[in-house]
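Okay, structure first, notes after.
Remember, it's 1-based here, ligands and their atoms both numbered in the order they're listed.
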Amino acid sequence: MIKKIASNFIIQTRNTAYAFRILPTGQPEHLYYGPALYGEEEKPEKDDFEALAEKRLFEAGNMVTYSQDEKTVTLEDLRLELSGKGKGDIREPFVDVVFSDGSRTTDFVYREAKARKGIAEMPGLPNPHAERGEAEHLRLTFSDTNEELYLDVYYTAFLEADVIVRSAVLRNEGKKDVTVRRLLSTALDLDPGERKIVSFHGAWAREMHMDEMPIGKGKTVLESRIGYSGNRTNPFFMVADSEISETLGNVYGFNLMYSGNHYAAMETNAYGKLRVVNGINPEGFSWLLLPGESFSAPNSIMTFSDTGYRGVSRNMHRFIREHVTPRKWKNAVRPILLNSWEAAYFKINENKLLWLAEEARDAGVELFVMDDGWFKGRTGDNKALGDWEADPKKFPGGITRLSKKIHEKGIQFGIWIEPEMVNCDSDLYRAHPEWVMDIPGRTHSEGRNQRILDLANPVVTDYLIKTFTHILKSSQIDYVKWDMNRIMSDVYSKSLPPERQSEVMHRYMLGFYLLLDTLTKSFPDILFEGCASGGNRFDPGVLAYFPQIWASDDTDAIERAEIQTGYSYGYPMNCITSHVSGSPNHQTLRVTPLFTRFAVASFGVMGYECNFADLFKEDMKEIQEEIVLYKKWRDVMQLGDFYRGRSGNITEWTVVSKDRRRAVGMILQIRNHPNTQWETYRPSGLDPEKRYHIYNLKRDVDIREFGDLVNTASPIHIRQGGRLHDLAARFISMPGETVDLHVKGCVLMNGALHLPQAFSGTGYAEGVRFMPDFSARLYFMEADSDNLT
Ligand code: GLA
């Protein structure tokens, strides 16, 4: 619902409302962002807005007044929807330009408003989508009082997702050039309050670690300067009440549909009011706007919840699932894949891959992915990137023959590519050194031995479109893993004049989106997965083209639990890919049970990344069983609603199907402290009135897991690890615990399932919960009337 009552505006989604008014001087004063205020048919009254507005009677001390006629308008302490520079507002500006006379002062005043059904699209940038009736938008137009510079500010309300998307377009309708120093996407001014920032940081292989920081005086910045959205600071963040929990408290959530340098600032002004802004990072950015041209800012996502973090996550999940994920994939369950990377790294060839693919198919895997190392001369990461032809020694029949043979085995086929990069030791670089980003005459700094192709140059983007269209057409390819493995340095485009060099990073993004848009539209049936050394470009911009992203190069289940919990605050589980890999793990050398690796991976889009040809029979048998299980539950795991329970030593997750008839829960324990044998599992999101059959997987414990404690029960002495030990294990095992109850949803959610006692230094009774370090359990719940078992 978007309504205008006199000079007041209200935008309402199902559970949230957003209000502002236009002051007589033309500035938009922010009034409210919080829980919904009106019923669908109800008419807001003018007095409601009056109550929310500041009652200004005189000019406060030591402030700039906007005009001599309206002395009470002091922009420094007004809550504003947008702000420029130079008229008294000394906080973070929304827009900053340099006019042709060198002046920087802008004075944007209101001209008109237009409300429409549907979304507002930003040209050349990733946009959300909505079906009829799901979204409506408002465009407010402002113009600068001195120059013919127009600013359109957009608000698109996604009614059911409780999300408002903001963006802005600057139009130069004058006769002189204007240099844009910043054009942000969101600005939200809030009343004083005790709040904190919740943000997500990391590095390679340890993405999305949550950080909480109280908001004090001054300014806090969350940003990326690496050229991409990055793993150092994800563009998703929250501003929450200081007293906040998973289910209680007010929280605002923000994200940016942009894959380049992002910027968010939280600034408390002298009057205790908080300004929150986000958009393209102004650092190192500027854009020359010629007469007649316009510049569009990326879409910024914002939501509000008065039910703690869970509410923000629910809204963000729904929004990304329904309105960002490409339509074709949003309700599609994704295939289980085996990726060759941790199985063989660069040492791949046709025979080896066919063998792996066969093993994968036998285990129930549906898609085989050939990772890095397939193109000519690619024996390590220092050469051949850019030469996208199969290595004739490794693949004598090219990928065309390989893809055919793999399909003949009854399994789909996918490839790894890294289109945006090149090694200097490659034919492409030798032929076109002018196509890479580097500064003529200066030594270039490399990352992973590679340089970045200049996507700010349309010739390069066009070349990549042609090259990859050809590759994807010439073989039977069902899936593409699109990687990007370094951060930007020595940023420079040889295709642009000196005065446009600060445009390069954004122009690169526009080239990148053109590439993604063209290829995903040309190959709508190919499943694309984003990747950037894992999660170095995990953002809603990429998700508008690729339905899933490789969340981290860290495949260790314990690390992944923390990483996936971090992502879950802002992203739904069906965009997070997660693989079961070998043990000891290749990033941490940690040894974890196969079932734990499966349990953690199963909460995302699950796949495998280990050498099936080398695994022991028992492990392959377990993998087969787990794949059968995952297939049975994957619609719930991938498309259901995800809930976080505890995190820390115990990670507790639940996912519930849309109709709330089926659910799966997990507890994962990091450290087993002795004599802490009482544990619970507490689901969320169930129907409180339904009765659920809740059960676990009955698993016997191998007696060897108890080490030489076996002797406390054995009549004869058994040497740990000896032959007798193995022999005994073949005939005797210890029955694990059983959970098999029919329980009302409200009992489980309000009270929790109390689990069987765990082994805890004493007690080897049958049915004991064997729960050493790094153990996990899954609990399955089916509403009583439609049990599938
Ligand atoms: C990156 C990716 C990995 C793998 C390698 C291949 O590190 O994140 O998954 O594809 O590149 O070089």
Side-chain angles (χ1 to χ4, degrees), residues 202-208 226 228-232 234 259 337-349 352-353 356 367-388 390-391 394 399 413-423 425-426 446-453 468 477 479-487 527-539 542 546 548-556 559-560 563-564 567 575-582 585-588 597 601 604-611:
W204 175 76
R206 58 176 160 79
E207 296 83 350
M208 291 305 277
I226 64 169
Y228 304 97
S229 50
N231 50 22
R232 278 69 167 175
N234 192 272
S259 313
L337 63 78
L338 174 70
N339 177 299
S340 67
W341 184 238
E342 287 195 21
Y345 293 102
F346 291 104
K347 294 184 178 161
I348 53 174
N349 59 44
K352 204 184 220 176
L353 295 194
L356 269 179
L367 164 68
F368 178 75
V369 178
M370 170 174 72
D371 209 280
D372 197 354
W374 60 266
F375 37 97
K376 62 172 191 226
R378 182 72 166 172
T379 45
D381 65 12
N382 57 345
K383 60 174 169 194
L385 205 52
D387 298 342
W388 298 105
D391 187 299
K394 295 177 180 176
I399 54 172
F413 176 65
I415 58 168
W416 174 95
I417 56 175
E418 194 177 353
E420 301 154 74
M421 300 286 159
V422 66
N423 291 125
D425 186 0
S426 69
E446 309 221 321
R448 211 194 186 201
N449 307 305
Q450 60 199 49
R451 294 196 187 187
I452 305 175
L453 284 170
F468 286 95
I477 292 169
Y479 159 105
V480 167
K481 176 178 171 189
W482 183 303
D483 209 343
M484 187 288 293
N485 278 313
R486 63 157 294 180
I487 66 172
L527 171 62
F528 284 85
E529 176 165 331
C531 172
S533 308
N536 197 28
R537 191 164 59 188
F538 200 113
D539 60 68
V542 167
F546 299 164
Q548 56 191 52
I549 302 179
W550 179 229
S552 176
D553 270 357
D554 197 333
T555 56
D556 177 286
E559 299 299 314
R560 263 302 183 123
I563 292 170
Q564 288 173 211
Y567 279 115
C575 70
I576 299 168
T577 58
S578 187
H579 296 170
V580 175
S581 63
N585 175 268
H586 290 196
Q587 293 76 44
T588 59
R597 286 173 266 153
V605 175
M606 191 198 64
Y608 289 84
E609 179 138 358
C610 49
N611 193 344

Test your reading of the model: is there a side-chain donor-acceptor pair from Arg451 to the backbone of Glu446, 3.5 Å cut-off?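 Looks like no, no N/O pair under 3.5 Å.
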
N/O to N/O below 3.5 Å, does that happen between Asp372 and ligand 1?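 Checking ligand 1 against Asp372, an N or O pair does fall under 3.5 Å apart.
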
Please confirm whether Cys531 comes within less than 3.5 Å of ligand 1 when only nitrogen or oxygen atoms on both sides are compared.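 It does not: no N or O of Cys531 is found under 3.5 Å from an N or O of ligand 1.
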
Within reach of ligand 1, part of [X] (heavy-atom separation under 4.0 Å):
X: Lys481; value: side chain
X: Asn485; value: side chain
X: Arg378; value: neither

Options Thr555, Leu385, Asp483, ranked by nearest heavy atom to atom 1 (C) of ligand 1, top entry: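 Nearest option to atom 1 (C) of ligand 1, by heavy atoms: Asp483.
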
Can you label the angle between the Trp482 ring and the Phe546 ring as parallel, tilted or perpendicular, going by 30° and 60°?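 Tilted: the ring planes of Trp482 and Phe546 meet at 30° to 60°.
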
Do any heavy atoms of Arg448 fall under 4.0 Å from ligand 1?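 In this structure, Arg448 qualifies as a contact of ligand 1 - some heavy atom is under 4.0 Å.
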
Do Asp553 and Ser533 have a side chain donor and acceptor closer than 3.5 Å?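 No, no side-chain donor-acceptor contact under 3.5 Å.
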
Ser552 and Glu207: CA distance, side-chain angles, deciding distance, side chain to side chain donor-acceptor pair (under 3.5 Å) verdict: CA-CA 7 Å; Ser552 176; Glu207 296 83 350; 2.6 Å; yes

State plainly whether the residues Asp381 and Arg448 are in salt-bridge range, i.e. N to O under 4.0 Å.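 A salt bridge links Asp381 with Arg448.
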
Residue Gly534 vicinity, atoms of ligand 1 by number, heavy atom under 4.0 Å: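 Counting from 1, the qualifying ligand atoms are 8 (O).
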
Can you see whether Trp388 has Arg378 sitting over its ring - NZ or CZ less than 6.0 Å from the centre and within 45° of the normal?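 Judged by the rule, Arg378 and Trp388 form no cation-pi pair.
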
